[in-house]
There are 2 protein chains.
Amino acid sequence: MPPEPYTVGRQVSVRRPASIKDVAAAAGVSPTTVSHVLSGNRPVNEHTAARVRSVVNRLGYVPASLARSLQAGSTSVIGLLIPDISNTFFAELAKGAEDAAHDLGYGLILCNTEFDADREDRYLGMIRSRFIDGMVYASGSPPSRRRLEALMGKFPIALADEEVEGLQGALIATADHEAGGRLVGEHLRALGHRRALMLTGPRALKSGVARAQGFVRAFGGEVVERVGDFKESSGYRLVADLLDRGGLDCTAVFAANDLMAFGALTALREAGLSVPDDISVAGFDDIRAASLAHPPLTTVHQPAYDVGRTATAQLLQYVTRGEVPPASRHTLPVELKVRGSTAPATALRHR
Amino acid sequence: MPPEPYTVGRQVSVRRPASIKDVAAAAGVSPTTVSHVLSGNRPVNEHTAARVRSVVNRLGYVPASLARSLQAGSTSVIGLLIPDISNTFFAELAKGAEDAAHDLGYGLILCNTEFDADREDRYLGMIRSRFIDGMVYASGSPPSRRRLEALMGKFPIALADEEVEGLQGALIATADHEAGGRLVGEHLRALGHRRALMLTGPRALKSGVARAQGFVRAFGGEVVERVGDFKESSGYRLVADLLDRGGLDCTAVFAANDLMAFGALTALREAGLSVPDDISVAGFDDIRAASLAHPPLTTVHQPAYDVGRTATAQLLQYVTRGEVPPASRHTLPVELKVRGSTAPATALRHR
DNA sequence: TTGTATGCGTTATCAA
DNA sequence: TTGATAACGCATACAA
């Protein structure tokens with residue numbers, strides 16, 4: 001019979017970690033003194049302090065942050081609510097948020113919702129139960145907007161990347177979606193395109209709407225809109241459907257994000273069309289794969305990292321100092337990356 | 001003078017949230033009864049319960065999870081320590097971890113270390129201060145290994161993706177790195193390659209070492225090894241240096257991860273070499289960009305999501321039930337994805 | 001069916 | 001320079 005493989009297990013359950021009382025008793029002082037030795041909040045006799053510190057080391061005492069938080073009324077932890085961490089855009093955003101949080105000694109709870117309303121609600125519950133001091137909210141599912149609205153009146157919440165329809169007075173950091181759409185519109189127009197297919201995101205998400213608006217205005221030509229859901233599959237499906245029905249009579253496609261652009265690219269390739277010779281394609285986000293794709297995707301670079309970092313820094317400035325940040329709204333600049341997937345319009349052919 | 005823009009701010013700081021005492025007082029019962037109405041831990045008169053519930057709603061009472069955690073001795077939160085969330089491999093892993101945690105009602109704190117030892121230490125401090133119930137540890141910086149070892153004797157820690165040299169008896173979920181290297185070795189050998197350049201990761205990371213070992217054994221031919229750091233820049237630099245000095249006398253490059261493979265690809269392209277006509281390139285990980293690159297990258301698919309999910313599930317089984325999981329080690333299968341970046345060896349040319 | 005008293009581990013207040 | 005006590009907000013053992 002083999003020996004118990006996990007001494008780990010036993011130790012965890014059996015040995016109770018040392019508390020401040022244990023240290024105080026062993027050092028022959030009061031818990032108050034121990035606390036002050038560790039915090040430096042008031043002077044302690046050097047001799048006493050040394051004795052306490054030695055006991056702390058011997059017992060391996062580490063203050064229970066939970067008790068500290070209960071006493072202090074805050075946990076030094078915030079949440080980051082996003083739909084999908086495996087989307088590189090949100091991963092970059094998360095990195096910025098984590099950096100900003102770490103800079104101020106805050107922890108960050110990853111709230112990945114997959115656009116699921118129940119999941120989002122559960123995570124928002126963490127702020128109501130005051131387990132987190134605040135929440136950076138990036139693009140949730142529309143159904144929870146009402147609940148969000150109620151929360152924003154009571155708890156610190158900052159919006160990142162995505163405006164929420166009808167919500168105002170909020171802290172918000174977002175890329176300039178409208179300008180991004182405009183840049184693509186101008187670019188395609190300059191290339192001689194006059195008829196374009198626009199793959200939008202869900203109407204409820206303002207970022208996608210803004211991109212579409214900026215595009216339509218700047219492009220000037222004829223634009224057919226199809227509503228997608230920001231997933232690769234929907235970009236594929238929308239374009240494939242149009243091709244099947246022979247209804248793709250345009251020379252350019254603008255997808256409201258790169259994933260849908262990739263879907264479109266696949267559908268076009270399967271139909272035997274060449275990008276950009278037969279048709280141009282542009283995306284939005286500039287995820288890592290965009291520059292590595294074949295052809296490299298013309299797209300709008302979003303400062304995802306900065307969006308996450310800025311929104312979080314704003315939130316924390318508010319959380320830590322109880323201050324209203326100097327600017328409640330940050331609109332971060334975007335940049336058009338012209339790559340190989342767009343080219344001058346060719347004569348329209350029947351398909 | 002504009003009105004105070006943030007009523008939010010005032011409410012947060014002024015109104016103290018209702019406590020269980022407030023509810024008890026308003027409902028004319030004891031805090032104990034309120035507690036039991038909400039927890040269902042003991043029967044309560046239906047009439048009384050209804051009254052309590054109504055007060056709970058009116059006051060918007062939500063139990064402070066902090067106090068609950070202090071009493072219960074656990075927070076229902078664990079940590080996920082990774083080097084870089086913007087690497088899609090770790091993003092996928094994080095998604096799996098988050099899913100597993102969410103399934104069991106646990107929160108997940110994102111500990112992004114950038115391979116920084118201080119940052120890692122700070123995050124490991126969260127487990128010592130018992131703010132988190134456990135930690136999923138994926139590939140940290142070698143310097144902290146000793147500290148990790150000490151922690152594993154006292155706190156629940158599961159290793160994901162990366163073994164840690166000299167650590168044993170641990171919960172661990174990892175991809176079969178050695179088999180992955182072997183698959184690439186066999187593949188290149190079958191294509192007629194006999195001389196290969198191997199870009200490894202840091203020697204301290206066993207995953208990279210295992211990949212290299214599997215490769216070298218299965219390949220059989222001559223292998224030149226160069227040590228990189230898993231970053232795109234090092235893949236570029238290593239290959240560029242060899243090219244500069246005319247020392248790249250091989251027909252294939254195997255990079256221990258996709259990022260370095262991309263760096264190599266760039267260096268080769270800049271040198272006017274064609275992949276795979278002049279030289280074959282293979283990677284490891286199968287990050288999203290791999291299939292979209294030009295040419296599409298032959299690589300080893302790692303089940304990143306499953307690695308994260310499995311490691312987390314193991315950890316939580318241990319954390320929640322105090323049980324030793326049935327298997328302490330999970331080695332997950334990998335899969336070779338043959339794409340366009342590898343081809344039959346061509347006659348060796350002088351470069 | 002309900003209430004009282006105690007403890008979780010810390011820090012702040014007040015007193016010495 | 002130090003300590004006793006209360007308080008943070010909850011859950012539970014024990015008592016009624």
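Numbers restart at 1 for each chain; the letters A, B, ... are given by sequence-line order, proteins then strands.
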Taking atom [atom2] of [N] as reference, at what distance in whole Å does atom [atom1] of [X] sit?
X	N	atom1	atom2	value
B/Ile20	C/dG7	CD1	P	19 Å
B/Asp22	D/dA7	CG	C1'	14 Å
B/Lys21	C/dA5	NZ	C1'	12 Å
B/Asn45	C/dT2	CG	P	4 Å

Residues, nucleotides or ligands: over 12 heavy atoms within 6.0 Å of A/Arg119 CZ: yes
Stepwise salt bridge (Lys or Arg N to Asp or Glu O under 4.0 Å) check, B/Arg309 with B/Glu92: CA-CA 10 Å; B/Arg309 184 171 188 106; B/Glu92 282 288 344; over 6 Å; no
Distance below 4.0 Å between A/Thr33 side-chain N/O and D/dG3 OP1 or OP2: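 Checking D/dG3 against A/Thr33, a side-chain N or O does come within under 4.0 Å of OP1 or OP2.
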B/Ser30 vs C/dG3: side-chain N/O to OP1/OP2 distance below 4.0 Å: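 Result: yes.
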Sorted by number, the residues of residues 59-69 of chain A with heavy-atom contact under 4.0 Å to DNA chain D: none
Pair B/Phe131 + A/Tyr106: ring centers closer than 6.0 Å: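 Centroid separation for B/Phe131 and A/Tyr106: 6.0 Å or greater.
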For [X] and [Y], indicate whether the former's side chain and the latter's backbone hold a donor-acceptor pair under 3.5 Å.
X	Y	result
B/Thr312	B/Gly308	yes
B/Asp133	B/Thr75	yes
A/His36	A/Thr32	yes
B/Ser69	B/Ser65	yes
A/Arg329	A/Ile172	no
A/Asp22	A/Ser19	yes
B/Ser35	B/Pro31	no

End-to-end axis angle, where each axis spans five pairs of the helix from C/dT1-D/dA16 to C/dA16-D/dT1, to 10°: 40°
Passing candidate, side-chain hydrogen bond (donor to acceptor under 3.5 Å, both in side chains) with B/Lys95, options A/Asp84, A/Asn87, A/Asn112: A/Asp84
When you compare the protein's N or O atoms with those of nucleotides 12-16 of chain D, which come within less than 3.5 Å of each other, and at what distance?
from, atom 1, to, atom 2, distance (Å)
D/dT12, OP2, B/Asn41, ND2, 3.1
D/dT12, O4, B/Thr32, OG1, 3.2

